[in-house]
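Given the structure is predicted, the values throughout are model-derived calculations rather than measurements.
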Amino acid sequence: MECVRLRVKDIDFALAQITVRDAKGGKDRVTMLPLNLSEPLRRHLVRVKAQHDQDLEDGFGRVHLPFALARKSPNAARQWAWQYVFPSSRIAIDPRTGRKQRHHVAEGVLQSALKRAVDAAAIVKRANCHSLRHSFATHLLANAYDIRTVQELLGHKDVSTTMIYTHVLNKPGIGVKSPLD
């Protein structure tokens, strides 16, 4: 859900960062935007912007806004910054407002796309969206990121949750830096 709910304003290409809003535990966190994905993501956003511009022209172009923002800033729902990075392919009626607008892509669409990618890559291990999170943590630790940085990037409240991923440290040549280093 963190991926499908991502808004345009939450991607910072200059700092190579993504702000994940209202994540697990209702908190926001900042994580990295891989440099090798910057250009494909920029191209994707060009296509999404064209779709948004067409939606505005057609009298739609609104998205659901979090909390009381819709009341405080009524025009924000049409602004490019608030649009979803991964919008639905169709316009639907928002049951909360009764307005026609574009929502984010359904979570199942992302799950199906991942399954097709895993099959196409002939990966025999079980993989799902959550396993990408595990893979991310494992790769960070394998590349000697310190445990506190990994904790912050994953949004774990307690470092003991992050310590679960240290199983990779049992492999020769892999280590983790102490925050004191």
Side-chain angles (χ1 to χ4, degrees), residues 1-117 128-137 139-140 149-157 161-162:
M1 287 308 292
E2 292 174 358
C3 180
V4 299
R5 287 183 183 155
L6 192 61
R7 309 276 183 151
V8 172
K9 68 180 192 61
D10 295 325
I11 298 174
D12 187 332
F13 288 102
L15 295 176
Q17 294 180 338
I18 298 172
T19 303
V20 179
R21 307 271 179 199
D22 195 26
K24 202 171 185 179
K27 297 185 299 182
D28 295 351
R29 74 173 189 282
V30 176
T31 192
M32 57 184 71
L33 170 63
L35 295 177
N36 64 332
L37 294 181
S38 288
E39 208 41 51
L41 186 55
R42 284 181 198 272
R43 288 192 304 270
H44 169 76
L45 288 175
V46 167
R47 292 188 300 273
V48 172
K49 175 82 165 85
Q51 180 183 50
H52 173 61
D53 290 343
Q54 185 63 54
D55 285 351
L56 286 172
E57 199 173 299
D58 295 342
F60 306 114
R62 301 180 71 87
V63 291
H64 175 71
L65 294 175
F67 313 112
L69 187 60
R71 245 185 328 155
K72 292 177 188 172
S73 204
N75 292 325
R78 294 169 113 47
Q79 293 172 357
W80 169 238
W82 283 99
Q83 301 306 303
Y84 292 109
V85 172
F86 303 105
S88 173
S89 59
R90 38 191 149 163
I91 291 174
I93 295 175
D94 183 342
R96 294 167 287 228
T97 64
R99 289 190 182 129
K100 279 187 172 182
Q101 60 189 41
R102 196 173 296 277
H103 199 54
H104 57 69
V105 69
E107 186 179 8
V109 171
L110 175 61
Q111 291 165 340
S112 295
L114 180 64
K115 183 178 180 352
R116 285 191 307 276
N128 56 38
C129 293
H130 192 73
S131 62
L132 296 177
R133 192 173 159 82
H134 289 274
S135 178
F136 177 60
H139 280 87
L140 290 173
T149 300
V150 177
Q151 174 190 1
E152 190 174 312
L153 291 170
L154 292 175
H156 290 157
K157 186 176 181 180
T161 308
T162 313

Salt-bridge criterion met for R29 and E2 (N-O under 4.0 Å): yes
Residues D28 and R21 bridged, charged N to O under 4.0 Å: yes
Strictly by modelled atom types, are Q54 and D58 linked by a side-chain donor-acceptor pair under 3.5 Å? yes
Side-chain donor-acceptor pair present, D94, Q101, cut-off under 3.5 Å: yes
Minimal non-hydrogen separation, [X] against [Y], with atom names:
X: C129; Y: L114; answer: N-CD2, 3.3 Å
X: G26; Y: D22; answer: CA-OD1, 3.3 Å
X: F13; Y: S38; answer: CE2-O, 3.5 Å
X: L35; Y: A16; answer: CD2-CB, 3.9 Å
X: E107; Y: M1; answer: OE1-SD, 3.3 Å
X: V85; Y: V8; answer: CG2-N, 3.7 Å

Would you indicate whether the side-chain heavy atoms of [Y] and [X] approach each other to under 4.5 Å?
X: W80; Y: V48; result: yes
X: V109; Y: S112; result: no
X: L140; Y: T149; result: no
X: F86; Y: R5; result: no

Between [X] (side chain) and [Y] (backbone), is there a donor-acceptor pair under 3.5 Å?
X: Q51; Y: V46; value: no
X: S131; Y: N128; value: yes
X: T97; Y: R99; value: yes
X: R78; Y: F60; value: yes
X: H139; Y: S135; value: yes

Atom pair [atom1] ([X]) and [atom2] ([Y]), whose distance is rounded to the nearest 0.5 Å:
X: L65; Y: N75; atom1: CG; atom2: CG; result: 10.5 Å
X: F136; Y: L153; atom1: CZ; atom2: CG; result: 5.0 Å
X: H52; Y: E57; atom1: NE2; atom2: CD; result: 12.0 Å
X: L33; Y: I18; atom1: CG; atom2: CD1; result: 4.5 Å
X: T161; Y: H156; atom1: OG1; atom2: NE2; result: 5.5 Å

Please check if the number of heavy atoms outside [X] that lie under 6.0 Å from its [atom1] is greater than 12.
X: K27; atom1: NZ; value: yes
X: E152; atom1: CD; value: no
X: R71; atom1: CZ; value: no

So among H104, R102, H103, which one has a side-chain contact (heavy atoms from CB on, under 4.5 Å) with P87? R102
Answer yes or no on whether R7 is positioned over the face of Y84, meaning its NZ or CZ is under 6.0 Å from the six-membered ring centre and within 45° of the axis. yes
By side-chain hydrogen bond (donor to acceptor under 3.5 Å, both in side chains), D53 pairs with (sequence neighbours left out) K49
Could you walk me through whether T31 and Q17 satisfy the side-chain contact (heavy atoms from CB on, under 4.5 Å) test, starting with their C-alpha distance in whole Å, then the side-chain angles of each, then the deciding distance to 0.1 Å, before giving a yes or no? CA-CA 6 Å; T31 192; Q17 294 180 338; over 6 Å; no
